[in-house]
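Position 1 is the first residue of the sequence; numbering continues from there.
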Amino acid sequence: AFGLTYRIITLDVPEGLPPEIREQEELKLRKAFDEAQQQITAALWAEFQEIITHVAERLESGADGKRKTFRDSTFGNLVEFMESMANRNVFSDARLSETVGKAKAIIDAIGGNAGEAADRLRNYDTLRAEAQKAFVQLKTQIETAIVDLPTRTFNFEE
């Protein structure tokens with residue numbers, strides 16, 4: 001009833017290796033950590049870009065001139081991402097934090113919680129147009145920032 005199963009994973013180079021081999025292995029390990037950090041950060045940027053793109057698209061008018069449906073969940077997803085940013089941005093990407101702060105400033109300018117902000121955007125055309133313009137600008141900034149990020153790499157070597 002009280003049995004526990006556990007596994008310990010060591011992310012280090014074993015002791016007792018010749019110095020030159022140990023140094024090579026430490027460099028490989030550091031490189032693997034750096035690549036993982038870059039990929040995690042790139043994934044955060046990509047997720048944020050996807051959310052902002054969706055918000056901007058929902059705020060624009062359709063080809064027929066009619067407004068697209070803007071649901072509370074559209075803003076809810078953005079607010080949830082922003083609120084969890086402190087925990088997600090484990091590598092402290094300052095540019096990402098700054099860009100998320102810009103999205104928060106747009107939401108704050110609309111006012112209210114996610115549901116209230118969504119209601120305001122559904123009911124006030126001028127506010128909707130201003131918010132759409134702000135989110136398109138933010139989307140462009142994110143696209144520019146993502147260009148500098150490394151893409152996912154595949155390494156088939158052992």
Side-chain angles (χ1 to χ4, degrees), residues 2-12 28-156:
F2 296 101
L4 298 174
T5 303
Y6 62 91
R7 182 173 69 173
I8 298 174
I9 299 173
T10 303
L11 301 174
D12 197 3
K28 282 200 279 189
L29 183 62
R30 175 55 39 210
K31 183 179 176 188
F33 284 150
D34 290 344
E35 287 174 0
Q37 177 180 344
Q38 291 172 354
Q39 290 175 7
I40 290 167
T41 301
L44 282 173
W45 274 100
E47 182 179 0
F48 186 53
Q49 177 189 27
E50 183 179 319
I51 292 169
I52 294 298
T53 298
H54 181 69
V55 170
E57 286 174 355
R58 299 314 306 165
L59 288 171
E60 68 186 14
S61 297
D64 57 359
K66 291 178 68 177
R67 295 186 328 179
K68 295 180 180 177
T69 304
F70 192 84
R71 303 196 190 289
D72 291 357
S73 62
T74 303
F75 256 12
N77 293 338
L78 175 58
V79 169
E80 181 182 323
F81 181 89
M82 291 186 308
E83 287 175 350
S84 66
M85 191 60 202
N87 293 330
R88 291 174 173 225
N89 193 8
V90 294
F91 299 110
S92 302
D93 185 329
R95 289 186 323 156
L96 180 58
S97 293
E98 179 184 333
T99 308
V100 170
K102 290 177 182 178
K104 185 173 180 349
I106 296 169
I107 301 278
D108 290 345
I110 294 167
N113 63 31
E116 293 168 344
D119 280 340
R120 288 186 177 128
L121 293 175
R122 283 191 288 270
N123 297 322
Y124 300 104
D125 291 337
T126 304
L127 181 61
R128 185 180 181 113
E130 290 174 10
Q132 197 270 339
K133 182 180 175 183
F135 278 111
V136 166
Q137 288 174 344
L138 184 59
K139 178 183 161 225
T140 302
Q141 291 173 2
I142 294 168
E143 289 168 351
T144 302
I146 286 179
V147 168
D148 298 334
L149 295 176
T151 57
R152 173 169 252 176
T153 57
F154 293 95
N155 184 356
F156 295 107

Can you measure from [atom1] ([X]) to [atom2] ([Y]) and round to the nearest 0.5 angstrom?
X: Leu121; Y: Ile107; atom1: CG; atom2: CD1; result: 8.0 Å
X: Asp34; Y: Lys31; atom1: CG; atom2: NZ; result: 10.0 Å
X: Glu35; Y: Gln38; atom1: CD; atom2: CD; result: 7.0 Å
X: Arg67; Y: Gln132; atom1: CZ; atom2: CD; result: 12.5 Å
X: Phe135; Y: Glu130; atom1: CZ; atom2: CD; result: 12.5 Å
X: Gln49; Y: Thr99; atom1: CD; atom2: OG1; result: 11.5 Å

Heavy atoms from other residues, nucleotides or ligands near [atom1] of [X] exceed 12 (cutoff 6.0 Å):
X: Lys133; atom1: NZ; value: no
X: Glu60; atom1: CD; value: yes
X: Phe91; atom1: CZ; value: yes

### Query
Leu138 and side-chain contact (heavy atoms from CB on, under 4.5 Å): which partner among Val55, Thr53, Ile106?
Ile106
Close side-chain approach of [X] and [Y], heavy atoms under 4.5 Å:
X: Met82; Y: Val79; answer: yes
X: Phe33; Y: Arg30; answer: yes
X: Glu47; Y: Arg88; answer: yes
X: Leu78; Y: Phe48; answer: yes

### Message
Whether the side chain of Asn123 engages the backbone of Asp119 through a donor-acceptor N/O pair (distance < 3.5 Å, no angle test) should be reported.
### Response
yes
Give me the atom names and distance for the closest heavy-atom approach of [X] to [Y].
X: Ala103; Y: Ile52; result: CB-CD1, 4.2 Å
X: Ala56; Y: Val136; result: CB-CG2, 4.1 Å
X: Ile110; Y: Ala131; result: CD1-CB, 4.0 Å
X: Arg128; Y: Arg58; result: NH2-O, 2.9 Å
X: Leu96; Y: Asp93; result: N-OD1, 3.1 Å

### Query
salt bridge (Lys or Arg N to Asp or Glu O under 4.0 Å): which pairs involve residues 70-80, sequence neighbours left out?
Asp72-Arg122
#### Entry: N-O pairing of Arg120 and Glu116 below 4.0 Å
no
